[in-house]
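Below is one structure; the comments refer to it alone.
Just so it is clear: chains get the letters A, B, ... in the order the sequence lines come, proteins before strands, and each one is counted from 1.
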Amino acid sequence: MPELPEVETMVRDLRPHLLGRSFREVRLRRTDVLKDIRRPQLIQRLTGATVDSLSRRAKHAVLHLGQWRFVVQPGMTGSLFVTDAPRSEEEAHYDVLTVRLDDWRELIYRDIRRLGTLRLLDQRAWQRYDASLGPEPLDLALTPDEFHKVLARTRQAIKKALMDQRLLAGVGNIYANEALFAAGIDPSRPADRIGHEPAARLLEEVRRILSAAIEAEGTTVRDYRRGTGEPGSFQLELQVYGREGEPCRRCGTRLTGTHLIDARATVFCHRCQP
DNA sequence: ACGAGGTCCTGCGAGC
DNA sequence: TGCTCGCAGGACCTCG
């Protein structure tokens, strides 16, 4: 499931293929992923556009197309990649968007469950959208002190707060579980009751884990693929996610699984995360 | 203002 | 064997 490291990997993989390329022919096979735009407008504005640059913000891949920002949020099962091989009807079954590039390759947005979204925003709309998202965890401008203050803004469980995109951008279920384990914090603790020291430790672990996951080109549990079509490898380094009932790698205690927080799979070690 | 819970969407695996 | 059902969960919505 694409969180920050997975989207960062997609963007890095795509950059050399897309920089300076222009969009020749745009096909949209599904419209339910469109957010605040209709098919004809999207196709009209994308066709002929040139990719000036690519970036990532939170869990979004952002293609800069002149005045427009094409914002792809892969959701659970979305992936963005470039291919030069023609796609069979079977391969194309989950393709949502197909863009023929001026070098005759194709940029594909594929999304099995279509929980992802596509947006096309002008500068102002992008600025507004960007401002609605919390700070980037890897941006060192976010100090431990500020992070502590962010957490103090909610009484929600710390795990839910970590995943709240308005508070902190880019962390989803997998990395929230991992960071809380690494920081030794019980996922159900209210965010506003996390002390200054534990908050600093948590920010440090969030950064360490996200960086290591980018280094490993993301976590592939099921559907996530890099911009190259290959899986990532950080799933090999997961300490708690998906390991409910298995022994804690640090102390051997059986890992606890619960769905009590935000109805999401939470796995933790009750001994290491008191 | 906040929190709890429902909804979207499809594939997959468990259970009958 | 073939069916149904619950689950996976990010973002967004409604309700209390």
For C/dG10, does OP1 or OP2 lie under 4.0 Å from any side-chain N or O of A/Q73?
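Indeed not, no polar side-chain atom of A/Q73 lies that close.
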
State whether A/Q165 places a side-chain N or O below 4.0 Å from either non-bridging phosphate oxygen (OP1 or OP2) of C/dG10.
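Answer is no, no contact under 4.0 Å.
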
For the pair made of [atom1] in [X] and [atom2] in [N], what is the distance, rounded to whole Å?
X      : N      : atom1 : atom2 : result
A/I112 : C/dA8  : CD1   : C1'   : 12 Å
A/L118 : C/dC12 : CG    : P     : 14 Å
A/M163 : C/dA11 : CE    : P     : 8 Å
A/R153 : B/dC2  : CZ    : P     : 9 Å
A/L34  : C/dC12 : CG    : C1'   : 16 Å
A/L133 : C/dA11 : CG    : C1'   : 11 Å
A/H93  : B/dT10 : NE2   : C1'   : 10 Å
A/L168 : C/dA11 : CG    : P     : 12 Å

With a 4.0 Å cut-off on heavy atoms, is [X] in touch with a base, just the backbone sugar-phosphate, or nothing at all?
X      : answer
A/T154 : sugar-phosphate
A/Y224 : nothing
A/A265 : sugar-phosphate
A/R119 : sugar-phosphate

Taking the nucleotide of DNA chain B with the nearest heavy atom to each, does A/K160 or A/D32 sit closer to the 5' end?
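Closest to the 5' end, via its nearest nucleotide, is A/K160.
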
When you measure from the side chain of A/E197 to the backbone N and O of A/G195, does any donor-acceptor pair fall under 3.5 Å?
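Side chain of A/E197 to backbone of A/G195, a donor-acceptor pair under 3.5 Å: no, none is there.
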
If you check the [X] side chain, which of [options] turns out closest?
X      : options               : result
A/R113 : B/dT10, C/dG10, C/dC7 : B/dT10
A/R114 : B/dC12, B/dC9, B/dA4  : B/dC9
A/H259 : C/dA8, C/dA11, C/dG10 : C/dA8

Measure from the ring center of A/H60 to the ring center of A/Y129 and say whether it is less than 6.0 Å.
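When the ring centroids of A/H60 and A/Y129 are compared, they turn out to be within the sub-6.0 Å range.
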
Short side-chain donor-acceptor distance under 3.5 Å, A/T228 and A/E230
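On atom types as modelled, these side chains qualify, holding a pair under 3.5 Å.
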
Between the base of C/dG10 and the side chain of A/R264, is there a donor-acceptor distance below 3.5 Å?
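Counting by modelled atom types and ignoring angles, a donor-acceptor contact under 3.5 Å is found here.
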
Looking at A/F181, is A/R243 sitting on its ring face, NZ or CZ under 6.0 Å from the six-membered ring centre and within 45 degrees of the normal?
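Not satisfied by the 6.0 Å and 45° rule.
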
Between A/Y129 and A/M76, who's closer to the 5' end of DNA chain C by nearest nucleotide?
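It is A/M76 whose nearest nucleotide is closer to the 5' end.
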
So, do A/E3 and A/Y224 sit near enough that their side-chain heavy atoms are less than 4.5 Å apart?
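Answer no - side chains too far apart.
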
